[in-house]
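As the structure lists them, so they are numbered: ligands from 1, and atoms in each ligand from 1.
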Amino acid sequence: MPSILAYDLGASSGRALLGRLNDRIIEVEEIHRFGNDPVAVGDRLQWDILRLFHDLKQGLLKAKHAGEEPVSLGIDSWAVDFGLIGRNGELLGNPYHYRDRRTDGVMERTMARLTPERIFGRSGIQFLPFNTIYQLAALKEADSPLLEQAKHLLMIPDLLRYFLTGEMRSEFSNATTTQLYNPLLGDWDAELIAAIGVSPALFGPVVRPGTRVGEIRDSLREELGVGAVPVYAVAEHDTGSAVAAVPALERDFAYLSCGTWSLMGTEVDRPVMGELARELNFTNEGGVNGTFRLLKNIMGLWILQESRRTWEKAGLTLGFPELVRLAEQAPAFGAFIDPDDPAFLHPGDMPARIARYCADTGQKAPGTPGGIVRCILESLALKYRYVLELTERLSNKRFGGLHMVGGGIQNALLCQWSANAIGKPVWAGPIEGSALGNLAVQWIAQGEFADIWEARKVIRDSFPVTVYEPRDGAAWDDAYGRFRALAGLA
Ligand SMILES: C[C@H](O)[C@H](O)[C@@H](O)C(=O)CO
């Protein structure tokens, strides 16, 4: 049975999965899992991109040693970040991490100069301080020599795919996350790019998910002793792949991709770029099958990950299952935060920031890890309700429930509280959403599936979906009212 290979790179870890189709059932095998540790140098925070490429090679070697020669491979990763390539075809430096603070204030200055109406009207993308447009504007403001030497800009998966094949292409779903791609033109927006003082020539041809873009280059084949494995551009923005894998049977469905970030929204045939979408700060990221992902970023489990890191530094090592158990035992609805308050974006002491947020909002701050984790998870669940209501309003759809996918669904408490908060069932699964969407797009390109809907059905038949029915409606409705008032959410 032939296998295909998916590389799924998240902000904290990556994995290589082999996928096989056994009588219309998908079987996956994780052959390599690896850390993704950003490196701080002075005030700068950067990705260790060569280490990530080394791990892609390890994935191919482990497949070979397992007697597997995948018939294709694809790469997906987090969005917005990029590498710059010089005139000699070489990388000019390690890509910066989107949480690097060099973009502080840049979005505000750029919006003041170009107006939010113009930027959103041409890109349809939500305003987030780390969007590629502001990372480039920050380089421009800093008069960075990188911009003088750069000849090509490649997003993270584009860059790793270039390392594998020697071919430079920009993939659609990730290109849209730059806020420099115009979905109405169906191409990069040269006017916006020039308006931030960058050359449009940096931006290369855009290919759609499912495009074959070359094969493993000769030198790498020799180095690893592997064949010319074909390489596909999948929906390379991991959230794009996760949405592709949502096992929905209904055409109008709501999803929540749950990991370091929480991405909530729906799938639309055309970008929703009106004034309401801009005011509510929704985004229209590229999807599969010519669709768009109308969604909103929610800070997600990052706040919990950073809290755990802070406690660990203080000598208190608690695993996620233990933290969730302590949260369950803590008093309910003690305090709330708006997870999307800017105070929670950058790395640092989240428990202290939560205490400050509570003090600033006249709340008694939770004093134990259990109380803090409960505050984070309850607040996330309530923010999910808020964003789901906005999604229904903006898309003019009504959703019978919420599909949750991604590593975060292993947190059963969060799934249950999300159902309680939204007052609708949560259908949780699959865990490996992005990797499965990556595989699905390769199989569609190879004719194994007629389209994304057949792929979603086979994913549904192959991986369990856990159903969480809503409970304690009255208590969560009351909490929702308090949460919105505290967070100042209209
Ligand atoms: C910045 C984040 O990477 C991005 O908004 C999010 O969609 C993502 O890619 C999560 O992995």
Side-chain angles (χ1 to χ4, degrees), residues 6-15 36 38 45-47 49 52 75-82 95-103 107 123-136 138 155-160 171-181 209 234-246 255-267 281-288 292-306 339-340 342 344-347 380 387 404-409 431-438:
Y7 292 107
D8 172 38
L9 308 179
S12 51
S13 65
R15 67 224 111 248
N36 180 13
L45 187 61
Q46 292 173 289
W47 296 107
I49 197 76
L52 289 174
I75 305 165
D76 68 78
S77 91
W78 69 95
V80 298
D81 291 341
F82 57 92
Y96 289 95
H97 190 300
Y98 61 84
R99 294 188 202 270
D100 181 293
R101 304 202 69 136
R102 70 197 173 132
T103 50
M107 178 173 75
S123 66
I125 293 297
Q126 64 192 328
F127 291 90
L128 293 170
F130 46 70
N131 287 349
T132 314
I133 181 174
Y134 310 118
Q135 296 196 38
L136 287 168
M155 307 297 281
I156 299 293
D158 300 331
L159 181 61
L160 293 166
E171 184 275 329
F172 169 67
S173 69
N174 221 358
T176 59
T177 71
T178 61
Q179 207 170 22
L180 290 167
Y181 183 91
V234 297
E236 294 190 343
H237 178 197
D238 55 4
T239 310
S241 280
V243 172
V246 170
Y255 54 76
L256 170 58
S257 175
C258 191
T260 296
W261 283 90
S262 289
L263 301 313
M264 175 182 275
T266 187
E267 189 170 73
N281 205 24
F282 266 70
T283 203
N284 295 275
E285 293 170 345
V288 296
F292 288 85
R293 292 168 286 124
L294 179 67
L295 63 83
K296 217 171 155 52
N297 274 50
I298 301 166
M299 200 70 79
L301 292 166
W302 157 251
I303 306 176
L304 178 55
Q305 291 167 357
E306 277 296 281
D340 297 305
F344 303 122
L345 174 62
H346 293 291
L380 278 175
V387 174
M404 280 177 77
V405 299
I409 68 170
I431 292 172
E432 291 290 0
S434 298
L436 284 168
N438 181 325

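In terms of the ring-ring contact (aromatic ring centres under 6.0 Å, His included) criterion, Phe282 has no residue partners (sequence neighbours excluded). Under the rule for a ring-ring contact (aromatic ring centres under 6.0 Å, His included), Phe82 has no partner lying at least two apart in sequence or in another chain. The salt bridge (Lys or Arg N to Asp or Glu O under 4.0 Å) test applied to Asp238 returns no partner, not counting sequence neighbours.
Looking at Thr132 and Met155, their side chains come closer than 4.5 Å, going by heavy atoms from C-beta outward.
Ring geometry, Trp47 versus Tyr98: the interplanar angle falls from 30° to 60°, so the pair is classed tilted. The aromatic rings of Phe172 and Phe292 lie perpendicular to each other, with more than 60° between the two planes, well past the 30° mark.
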N/O contact list for ligand 1, threshold under 3.5 Å:
| from | atom 1 | to | atom 2 | distance (Å) |
| --- | --- | --- | --- | --- |
| ligand 1 | 3 (O) | Ala79 | N | 3.3 |
| ligand 1 | 5 (O) | Asn297 | ND2 | 2.9 |
| ligand 1 | 7 (O) | His237 | NE2 | 2.9 |
| ligand 1 | 7 (O) | Thr239 | OG1 | 3.1 |
| ligand 1 | 9 (O) | Ala79 | N | 3.2 |
| ligand 1 | 9 (O) | His237 | NE2 | 2.9 |
| ligand 1 | 9 (O) | Asp238 | OD1 | 3.0 |
| ligand 1 | 11 (O) | Asp238 | OD1 | 3.1 |
| ligand 1 | 11 (O) | Asp238 | OD2 | 2.7 |

